[in-house]
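Notes for the one structure printed next.
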Amino acid sequence: MDRALIDSPLVDPDDTPAARDQVFLDSAGSSLPPRQVVTAMTAHLHREAEIGGYRAAQERADDLDAGYDLIGRLLGCAPDEVAFTDSATRSWLTAFDSVPLTRGDRVLVTEVEYGANAIALLRRAEETGASVEPVPSDPSGAISLDALDEMLDERVKLVSLVHVPTNGGLVNPVREVADAAHRVGALVLLDACQSLGQLPIDMRALDVDILSATGRKWLRGPRGTGVLAVTSEAAKKMHPRLVDLLGGVWETADSYRLRSDARVFELWEYGVAQRLGLLAAARYALDLGLDRIADEIGGRAATLRAGLAAMPHVQVRDLGEQQCGIVSFTVDSVASEDVRDRLRDRGVVVTSSGASSTMLDMTRRGLTSVVRASPHYFVRPEQLATFLTAVSEIG
Ligand SMILES: Cc1ncc(COP(=O)(O)O)c(C=O)c1O
């Protein structure tokens with residue numbers, strides 16, 4: 001199943017030495033970055049210590065500038081549609097805050113909406129009088145396209161679509177949602193936090209208007225990094241609110257001009273070392289190829305799901321017909337946090353995901369938390385077996 005990538009010269013086990021000594025199944029949380037990412041960051045930090053942060057950044061100006069093209073290639077959008085931020089949530093909030101909403105407007109969300117987005121949605125609804133309405137799921141657990149069709153009207157200004165939820169392997173349909181939303185003129189904001197780096201993403205082919213994602217998860221970049229992509233068409237309908245002297249130019253004492261590209265959503269100050277690490281991670285993923293990465297991850301997740309499903313005391317909780325690298329499950333009579341801790345004692349790293357991260361979905365299913373195992377392509381087959389044995393011995 002996974003020989004191809006492991007034997008490939010592109011994936012040198014020395015790139016991720018820590019993956020040897022532990023069964024690392026938390027790329028949906030914060031993955032292990034390859035050494036190329038670590039080197040890009042540490043080298044720059046040393047350089048900053050030698051010559052100061054401004055000169056060090058200047059030395060890397062071409063690489064930093066080329067980063068927009070690189071991320072554009074990763075996302076399937078133009079370089080001037082890319083902005084860098086410090087997290088997926090920062091990207092999402094920045095974009096959402098810039099979508100005009102007034103009383104009577106409607107925002108549709110999926111039942112797997114992420115907690116941070118949901119809080120922002122509720123606050124904005126309070127402030128503006130717009131409504132936030134979950135679109136029911138279909139029997140598989142994906143967004144119901146029939147229900148979406150029925151709910152859409154010209155008062156819907158935004159559809160917030162989670163590509164892959166934080167609490168399971170579901171992959172929501174994107175193009176179908178975008179087509180429906182666009183029929184009534186609504187913008188589509190895709191939360192690609194759990195899909196960037198594990199699934200191929202092409203904003204043009206998916207026809208989404210806005211995309212938010214993080215660096216630290218499946219892309220294997222550093223913490224404190226995020227990307228926001230806004231198509232030039234969507235940008236015309238948005239009103240950026242947190243603009244500093246990168247996004248705007250102070251022209252006279254009482255006038256300013258906004259940038260015309262997506263960098264209007266960035267702030268001037270950022271961690272240059274982190275940005276260089278993120279770009280190294282993006283290059284690493286693009287060199288491997290996202291189709292191939294998705295196959296490798298999908299194969300590992302399917303192995304885990306099949307192994308867990310065969311255990312009488314374990315319930316696999318993944319939704320959807322199309323599934324990806326997040327494997328969620330519960331162990332009868334054992335709290336997810338205890339499962340996580342007991343696996344940790346055996347050198348297996350997983351996390352638990354609680355109801356407050358995906359309240360609508362978890363409440364609907366009567367779950368308080370699930371264990372989340374998320375294998376990247378660097379996890380070896382015998383490590384999957386170690387994980388399954390360890391789970392079989394819990395409970
Ligand atoms: C689906 C989803 N959206 C958004 C986020 C938020 O990402 P960040 O912590 O980078 O802001 C997460 C984090 O787990 C997530 O899983």
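Keep in mind the model is a prediction, meaning the values are calculated, not measured. Atoms within a ligand are numbered from 1 in the order they appear, just like the ligands themselves.
- For the salt bridge (Lys or Arg N to Asp or Glu O under 4.0 Å) test with Glu133, the passing option among Lys157, Arg155, Arg106 is Arg106; the others fail.
- The backbone N or O of Pro33 lies less than 3.5 Å from no partner atom in the side chain of Ser31, so there is not a single donor-acceptor pair.
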Identify all side-chain donor-acceptor contacts of residues 384-392 below 3.5 Å with residues at least two apart in sequence or on another chain.
residue: Thr386; atom: OG1; partner: Glu382; partner atom: O; Å: 2.9
residue: Thr389; atom: OG1; partner: Ala385; partner atom: O; Å: 2.9
residue: Ser392; atom: OG; partner: Thr389; partner atom: O; Å: 2.7

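- Close approach of ligand 1 to Val164 (heavy-atom distance below 4.0 Å) involves ligand atoms 1 (C).
- At least one heavy atom of Lys217 sits under 4.0 Å from some atom of ligand 1.
- Both the sub-6.0 Å distance and the 45° axial angle are not jointly satisfied by Arg300 relative to the ring of Phe378.
- The shortest N or O to N or O distance between Val162 and ligand 1 is not under 3.5 Å.
- Distance from atom 3 (N) of ligand 1 to its nearest protein heavy atom, with residue and atom name: Asp191 OD2, 2.7 Å.
- For the pair His376 (side chain) and Leu25 (backbone), a donor-acceptor distance under 3.5 Å is absent.
- Here CG of Leu189 is found 8.5 Å from CG of Leu211. Values are rounded to the nearest 0.5 Å.
- Closest protein heavy atom to atom 11 (O) of ligand 1: Thr89 OG1, 2.5 Å.
- The closest non-hydrogen atom to atom 7 (O) of ligand 1, taken over Ala28, Ala88, Ser212, comes from Ala88.
- Checked by distance only, ligand 1 and Arg372 stay at 3.5 Å or farther apart across all their nitrogen or oxygen atoms.
- When each atom of ligand 1 is checked for a heavy atom of Thr214 under 4.0 Å away, the hits are 10 (O).
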Ser336/Ser369 under side chain to side chain donor-acceptor pair (under 3.5 Å): CA gap, chis, key distance, verdict: CA-CA 6 Å; Ser336 298; Ser369 65; 3.1 Å; yes
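- Between the Ser91 side chain and the Val227 main chain, a donor and an acceptor come within less than 3.5 Å of each other.
- Using a 4.0 Å cut-off to heavy atoms of Gln194, the atoms of ligand 1 that qualify are 1 (C), 14 (O), 16 (O).
- Between Thr166 and ligand 1, an N or O atom pair is found at a separation short of 3.5 Å.
- Heavy-atom distances between Arg216 and ligand 1 reach below 4.0 Å in at least one pair.
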